[in-house]
Each structure stands twice: as C-alpha cells, then as structure tokens.
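These notes concern the structure reproduced below.
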Amino acid sequence: MSTISVTLPDGSQREVPDGSSALDVAAAIGSRLAKAAVAAVVNGELVDLGRPVPDNSTVSVVTTTSPEGREVLRHSTAHVLAQAVTRLWPGAHFAIGPAITDGFYYDFDLPGGAHFSDSDMVRIEEEMRRIVAEDQPFVRSEHSIEEGLALFSSQPYKTEIIAAVQSGGTAEDLAEVGNSAVVSAYRNTDDFVDLCRGPHVPSTGRLGYFKLMRVAGAYWRGDEKRQQLQRIYGTAWESQEALDGHLYRLDEAEKRDHRKLGLEMDLFSFPTEIGPGLSVFHPKGGALRRLIEDYSRQRHVEDDYEFVTSPHITKAELFETSGHLQWYAEGMYPPMILDEGQRYYLKPMNCPFHVLIYKSRQRSYRELPLRLFEFGTVYRYEKSGVVHGLTRVRGFTQDDAHILCTKDQMRDELARLLTFILSLLRDFGLNDFYLELSTRPPEKAVGTLEDWAEAEATLADVARAEGLDLVLDEGGGAFYGPKISVQAKDAIGRTHQMSTIQLDFQTPQRFEATYVGPDNARHQPIMIHRALFGSVERFIAILVEHYAGNLPTWLSPEQVRVLSVRNDHDDYAFEIAKLLKSRGIRVTVDAATEPLGARIRKAKLEKLPYIVVVGDDDVAARTVGINARGSNDPERGVSFETFLERLTAEVASHGRPEDL
RNA sequence: GCCUGUGUAGCUCAGCUGGUAGAGCAGCUCAUUCGUAAUGAGCAGGUCGUGGGUUCGAGUCCCACCGCAGGCUCCA
C-alpha cells in the first residue's frame with residue numbers, strides 16, 4: 001500500500017497510508033487525540049474528520065476544548081435540535097442554526113403557525129438525548145445547485161438560501177452552504193438531512209453536554225417586515241464540568257444584575273406610574289450619582305471645560321436645523337403643540353443647544369478650542385420592547401460636551417481627549433480597554449466622502465497613538481460623522497461601550513457657526529461630541545455590576561456605620577461619628593437596640609465598606625473595632641486616629657474594593 | 001413594534017382539578033443591653049397588575065389592556 005506524507009502543527013512529517021482520513025491521522029498520533037478530535041484543519045480549511053487527506057498536506061486536529069472544536073460541536077448540536085423538532089413537529093420548516101458564543105440557536109417555522117412553549121423545551125431536550133443515544137453518523141454529501149433545490153424542496157427557507165447563493169449570496173448564506181458552486185448537506189438518518197457547510201462531529205454520540213436555554217422570536221433574515229420565526233437558544237460544551245461552569249457563570253452574572261442589586265441597595269426604581277424606561281433615584285442612589293457627577297465636574301474643570309445648561313424642550317426648528325427630525329423623528333417623543341401650532345419637542349440630544357451658545361456672539365480663533373460641558377438630560381422614545389434596566393431607558397443624563405475647534409487643532413484635541421477619558425475611567429476602577437472606530441453608514445449619511453475619509457483617518461491615527469487595540473465597525477457611524485468608542489471590560493470579562501467621541505463636520509455648517517481667523521476671514525469650526533460615561537444612569541449600572549454592589553469606599557453612599565455594643569457606649573459612638581463626618585466621611589450610628597450580631601449582619605448585607613464596633617475597651621482607650629468588607633477577621637483596639645487616617649487615605653486614592 | 005414567558009403583602013415565594021387569601025424576611029410596638037452575619041413576644045400589612053366576560057361562586061377559566069423578563073428589529 002502506498003503512503004502519503006502530512007505535516008503536523010509542530011512541523012513534523014508523518015507517513016500515513018494513502019486514502020487516510022483526518023481521523024486516521026489523529027489515531028496515528030495517539031488514541032487520546034483521536035478520541036478528543038471533532039474536526040480537522042487540512043491545508044487551512046476546517047473539514048470533517050472523515051475527509052481523506054491529500055498527499056503533502058498540513059493537518060491539524062481540532063479537539064473539543066479549542067474554540068473551533070466547540071464551534072463544531074455546538075453547530076452539530078444545533079442539527080440534533082433541528083432533527084428533534086422535526087420528529088416532534090413533522091413538517092416543521094427550519095431556517096438557520098449557527099453556533100454562537102457559548103452555544104447555538106436554530107430558527108423554526110412550525111406547521112399550522114404553532115409556537116413553542118417553555119414546556120416544549122423539556123420534550124425537545126428528551127428527544128435530543130435519544131438522538132445522541134442513537135449515535136447517528138453525520139454523512140456529508142455535495143450537490144449541484146439544482147440537486148440542492150430538489151433535495152430541500154420541502155424546506156422553503158433552505159431553498160431560499162440556495163437560490164440566494166446562486167445569485168451571489170451574503171456572507172451569512174455562504175456560511176450555511178460553503179461556496180457558491182457546491183451545495184453541501186449533512187445527513188443523519190434517512191429522514192433527516194440539513195443544508196450545511198460543516199464540518200460536523202463524526203456522529204451524534206459525540207455530543208451530549210448541552211441544555212436548551214430559552215425560546216425567542218426572531219425575524220427571518222433579521223428583517224422585521226418578514227416572517228417571524230421561533231428561535232430556540234441552547235448552550236453546548238465538551239464536558240459536564242464545562243457545561244456546569246457555564247451555568248455557574250450565568251448564575252454569578254445574574255447575581256450582579258444592577259436591577260436586582262439596585263433594588264436591594266435601595267439605589268433607584270422604575271415606578272410604573274411614571275412609565276417604562278423612566279427612573280427615579282432614591283437617597284442612596286442619589287448620593288452615588290452626586291459623587292460620580294461631582295468627581296467628573298472636578299476633572300472637567302481641571303481639563304479646561306466650561307459649564308453650560310440648556311432647557312429640556314425646544315421648538316421644532318432647532319432639530320430641523322440640526323437634521324435630527326429628518327433622520328431620527330421616530331426616536332423622539334411626539335411634539336407638544338403650543339401657541340397657535342408651534343411644535344415643541346423634548347430634546348433627544350444637547351448638541352444643538354451648545355451650538356447656539358457658541359453662536360451667541362462672534363467667535364475668534366483665539367477662543368478655540370471651546371469646550372462646553374453639561375450634564376444634560378435627554379429623552380428618547382425607545383421602542384417598548386427594548387427598555388432594559390438603567391442601560392436602555394427613555395430619559396437619561398449625558399455627561400455631554402461639545403468641543404469647537406479649528407481643523408488644525410482637531411488632531412491634538414482628540415489625542416488630549418482620549419488621554420482624559422482613559423484617565424477618568426481608570427479612576428472609577430475600569431482598566432481593560434479597547435477602541436472601536438465606527439465608519440460612514442452607507443444609507444444614512446450627510447457630508448462629502450472626503451470629509452468622512454479625513455475624519456476617519458484622524459480618529460484612527462489618534463487611537464493608534466494611544467496604543468490600544470482598534471477594532472473597525474464598518475458603517476456604524478452616526479449620520480453626521482464617524483466616531484470612536486472606548487470599550488471597557490468589566491470584572492467578569494463582559495465588554496461595555498463606555499465613552500464615545502464623535503466627529504462632526506456637519507452641524508457647524510447647518511447652524512452656520514463660524515469663527516474669525518487670524519486672516520480676518522470667517523471659517524467653519526469642527527465640532528467634537530463626546531460623552532465619557534455615555535449616560536450617568538447606564539454608568540451606574542455598569543459600576544454596580546462591575547463591583548457586584550461592593551462599591552469602592554469613595555463611592556459608597558454610606559462608608560462607615562458605628563455600632564455601640566451597649567447603650568452606655570452610644571455617646572462615644574455618636575462622638576466618633578461626628579468626628580468622621582467633620583472629615584467628610586459618610587457615617588451613621590446604629591445604636592444598641594438589637595443584638596450586636598444582628599446589626600453586624602444587617603450592615604454586612606448592605607455591603608458597607610466599614611463596620612465600626614465600640615465597647616468598653618474602646619471608650620476607655622479611644623479606639624475602635626473595625627470590621628472591613630470582605631474580611632471575616634475584625635481588628636480590635638485600633639486607635640481612632642489610625643482608622644481615620646487609613647480611611648481618608650483610601651478615599652483620596654479611590655482605593656480598590658476588596659472583592660470584585 | 002414583534003415572539004415567548006411572567007405579574008399574589010415593601011422583598012422572596014406558597015396557594016391541587018374554581019368554593020370568598022398564607023409563610024418567611026422587612027416594618028411597627030413592647031420586653032431584652034448584648035464584643036463582630038439573625039433575642040423573644042405581639043401587632044399591622046394584600047380590591048391577588050387593570051378592565052371586561054363565563055359561573056351560584058374566579059387568585060385559579062376566557063378576552064383585552066398595562067408592567068416586567070428573555071430574545072428579534074432598533075439604539076443619533
């Protein structure tokens with residue numbers, strides 16, 4: 001028997017019999033590898049294990065613990081889901097079923113307009129386990145377009161994809177099929193075959209560590225004007241431990257949910273009497289908010305911003321001039337009709353007001369850059385299905401500023417701004433950033449291509465200069481200019497869009513804002529929109545989740561609670577509370593009305609940074625007992641002065657919290 | 001806006017196939033005075049999201065609406 005030679009990832013060569021499959025190669029390397037293998041990369045292409053390997057090819061075996069391997073088994077699990085559904089609902093049409101982060105989904109259209117219910121998830125999962133137990137093979141076949149259309153003649157969504165691929169096809173379609181010349185399909189049984197690019201695990205028996213998570217609606221091809229399908233989401237892993245780990249992480253994330261913690265910590269609420277997406281901040285949330293805003297104000301003062309304010313409503317004319325009514329009217333609250341037909345709108349943005357402040361008198365180049373800052377509360381009519389806690393609301397406050405500068409100043413101004421933003425975010429305990437550049441949206445955009453190109457290039461240069469990773473978001477810009485956004489990773493690795501810097505060549509032009517240059521002629525300034533927190537409300541949500549409610553001491557609404565052991569220690573407790581308060585510490589006293597253990601427990605549950613206990617010894621020696629958050633080991637007999645120094649130093653340095 | 005769920009006391013939840021609401025915690029009162037995560041007793045608290053309907057009778061069944069949750073679409 002003749003042999004062929006393959007190159008392995010470590011560079012070594014191996015001789016295998018001609019006609020060997022990727023699985024044979026894996027087996028030749030080792031039986032454990034063969035057991036863990038789910039697919040292979042042959043000459044750079046991810047393929048089935050059963051695929052014969054050509055001579056002189058490079059072969060890399062993909063195992064279940066690699067990202068590619070997990071993707072293969074998730075995708076294969078999606079096929080098992082589809083088969084289970086077709087067994088239970090004969091005649092069901094299925095659309096697409098890709099692997100996604102941590103799992104997979106599959107979209108279905110059930111016969112007779114039937115819908116899945118939550119209890120169906122149990123039945124489907126049972127059916128899936130039967131299919132796994134049957135250990136059905138995944139058998140690949142390749143067909144011409146015509147054959148493909150015939151093979152899937154009872155599956156209209158599949159034939160639509162094949163037909164779309166025939167006439168070019170989108171990236172999404174090609175992901176299903178592979179390439180435009182060949183229609184590939186994977187058959188599990190005589191009754192079940194699915195259109196798919198592959199690769200797949202050799203057989204369903206390789207799967208099993210999955211769980212169906214939920215059912216949701218999804219529009220066919222993501223188009224809200226088309227058929228709404230039933231989407232089932234699932235998660236799938238290579239082992240029970242990995243699956244359990246994922247479920248545990250979900251559980252932990254749920255414990256951090258700012259909506260839950262916000263209620264428990266008495267920070268804010270959404271009274272239904274006020275309306276969806278409209279929040280009120282309670283005293284503790286109000287304190288947190290004031291601390292955040294005050295610190296931000298201080299930093300802005302230091303960075304040469306000037307403070308302005310503007311009203312919440314305005315005549316339509318302002319947003320006609322800015323272009324918002326033309327582009328985003330559906331995102332605005334409907335107008336109030338006043339004074340013989342005059343239309344007034346709640347403001348969805350602050351920028352036109354700031355431009356009017358700029359325009360209130362003639363400006364000289366000597367005044368630029370002019371940095372106008374406002375905590376501006378805006379209102380946007382979000383669709384009813386999208387409001388979510390504090391992160392997506394209908395009324396919120398932006399830490400909004402608009403910088404007007406000359407074209408020559410733009411580059412320096414952007415660089416300075418990015419440094420400022422990162423420094424401020426780091427002060428709040430966020431440390432892991434990358435940048436995203438959103439470029440010209442093809443449909444909704446004003447301005448010349450040249451202006452866009454120049455602005456995008458400048459933003460990219462400045463981002464690179466900061467040394468952070470830059471990700472491109474093609475077509476994601478606003479209608480009036482490109483933007484760069486700072487993305488921050490939180491304590492459990494989730495990414496949040498934080499700050500945005502938006503260049504705008506259009507608004508100054510629309511408002512005919514000018515400055516007089518050294519040449520004594522009028523010129524148009526550049527406008528930079530920027531918000532660091534984005535919205536104060538959303539920033540609070542992110543901080544609460546980042547810290548799991550354990551806000552750092554400098555941001556805690558109540559920093560210290562003093563507990564007296566007995567009533568006769570109350571006077572001392574109040575005395576040191578007064579001293580702490582005089583040093584700017586937010587402190588309360590919980591006098592001895594219930595047992596000490598109960599008061600400790602209550603304060604612990606409220607996530608207080610410091611619980612101070614004072615008893616006989618402390619009154620005698622002017623000391624305190626300190627029970628710090630995150631510690632199960634209280635310190636006794638610390639002198640009050642030592643504690644005060646430690647506390648004020650921690651607050652001043654924005655010291656990090658004990659447990660994230 | 002669309003799909004699927006869901007809504008009982010401030011919070012967490014129980015309430016079987018329809019027979020006129022129940023617990024724990026929190027709150028209040030009284031007693032207890034205690035050295036680091038729950039002292040005891042008592043009291044009070046709900047038109048069961050809202051409005052219709054079926055029924056002798058609805059927290060429970062049906063319809064509509066509202067809120068919330070998870071998705072989809074959207075997010076200047």
Side-chain angles (χ1 to χ4, degrees), chain A residues 105 107 115-121 213-233 254 257 259-260 263-264 266 269-277 319 322-332 348-351 378 380-389 391-394 398 438 441 444-445 476-481 483 497 500 502 504 506-507 529 534 563-570 591-606 611-618 625-628 631-637:
Chain A
Y105 68 78
D107 288 345
H115 288 290
F116 295 120
S117 70
D118 278 3
S119 55
D120 290 330
M121 294 304 105
M213 301 303 284
R214 52 181 55 95
V215 57
Y219 299 105
W220 170 232
R221 295 186 160 256
D223 183 345
E224 65 180 330
K225 291 181 184 62
R226 303 198 63 177
Q227 174 80 26
Q228 183 153 38
L229 307 170
Q230 301 280 302
R231 175 171 296 177
I232 294 176
Y233 282 93
E254 201 179 314
D257 192 315
R259 293 166 300 182
K260 178 181 156 69
L263 176 73
E264 285 174 13
D266 197 17
S269 61
F270 294 89
T272 57
E273 294 87 340
I274 298 175
F319 287 112
S322 70
H324 289 101
L325 272 171
Q326 182 189 347
W327 297 101
Y328 290 102
E330 81 285 352
M332 291 167 67
M349 291 203 95
N350 303 302
C351 38
V378 296
R380 297 178 184 181
Y381 187 74
E382 301 285 0
K383 285 200 233 172
S384 64
V386 309
V387 294
H388 178 95
T391 59
R392 190 83 182 266
V393 287
R394 285 181 169 172
Q398 296 179 304
S438 302
K444 278 187 177 183
F479 72 89
Y480 52 75
K483 85 175 174 201
Q497 175 173 308
T500 56
Q502 192 123 35
D504 184 356
Q506 302 306 317
T507 304
H529 308 242
L563 314 186
S564 47
V565 174
R566 272 195 325 272
N567 278 152
D568 44 332
H569 309 126
D570 284 355
T593 51
E594 352 167 51
L596 183 63
R599 285 176 287 149
I600 296 271
R601 179 183 146 82
K602 202 171 163 216
K604 286 281 185 190
L605 290 174
E606 289 180 51
I611 302 165
V612 164
V613 176
V614 291
D616 288 334
D617 303 344
D618 301 297
I626 305 168
N627 191 330
S631 155
N632 293 315
D633 188 21
E635 296 173 62
R636 289 280 299 272

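First the proteins, then the strands, lettered A, B, ... as listed; each starts at 1. Just so you know, these numbers come straight off a predicted model, no measurement behind them.
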Side-chain donor/acceptor contact of A:Arg392 with base of B:C75 under 3.5 Å: yes

Considering only heavy atoms and no angle criterion, is a donor-acceptor pair shorter than 3.5 Å present between the side chain of A:Asp616 and the base of B:G35? no

Could you spell out the base pairing of RNA chain B as a dot-bracket line? Use Watson-Crick and G-U wobble contacts where both distances are under 3.5 Å, [ ] for crossing pairs, | for partners on a different strand. (((((((..((((.....[..)))).(((((.......))))).....(((((..]....))))))))))))....

Side chain of A:Arg214 - closest among B:G1, B:U4, B:G70: B:G70

Taking the minimum atom-to-atom distance to the side chain of A:Gln230, which one of B:U39, B:G71, B:C3 wins? B:C3

Ignoring hydrogens and geometry beyond distance, is the side chain of A:Tyr219 in donor-acceptor contact with the base of B:G71 at under 3.5 Å? no

The side chain of A:Arg259 is closest to which nucleotide in this list: B:A69, B:C72, B:A38? B:A69

Rounding to 0.5 Å, atoms CZ (A:Arg231) and CH2 (A:Trp220) come to a distance of 11.0 Å

Considering non-hydrogen atoms only, spot the tightest contact between A:Gly389 and A:Phe270 and give its length. O-CZ, 3.2 Å

Which nucleotide in the list B:C68, B:U4, B:G35 gets nearest to the side chain of A:Asp618? B:G35

Side-chain atoms of A:Arg636 come closest, of B:U36, B:A76, B:C75, to B:U36

Value in whole Å for how far the P atom of B:A76 lies from CG of A:Leu325: 16 Å

Would the number of heavy atoms belonging to other residues, nucleotides or ligands and lying under 6.0 Å from CG of A:Asn632 be above 12? no

Roughly how many Å apart are B:U12 and B:U8, using the C1' atom of each and rounding to a whole number? 12 Å

Selected nucleotide, minimal atom distance to A:Lys604 side chain, candidates B:G70, B:G35, B:A37: B:A37

Smallest separation among heavy atoms of A:Arg599 and A:Ser564, with atom names: NH1-O, 2.8 Å

Selected nucleotide, minimal atom distance to A:Ala216 side chain, candidates B:G70, B:A37, B:C72: B:G70

Testing B:C72, B:A37, B:U36 for proximity to the side chain of A:Ala218, the answer is B:C72

Do A:Lys383 and B:U73 share a donor-acceptor pair, side chain to base, under 3.5 Å? yes

A:Asp223/A:Arg221 ion pair, N-O < 4.0 Å: no

A:Pro634 side-chain proximity, nearest of B:G70, B:U36, B:A76: B:U36

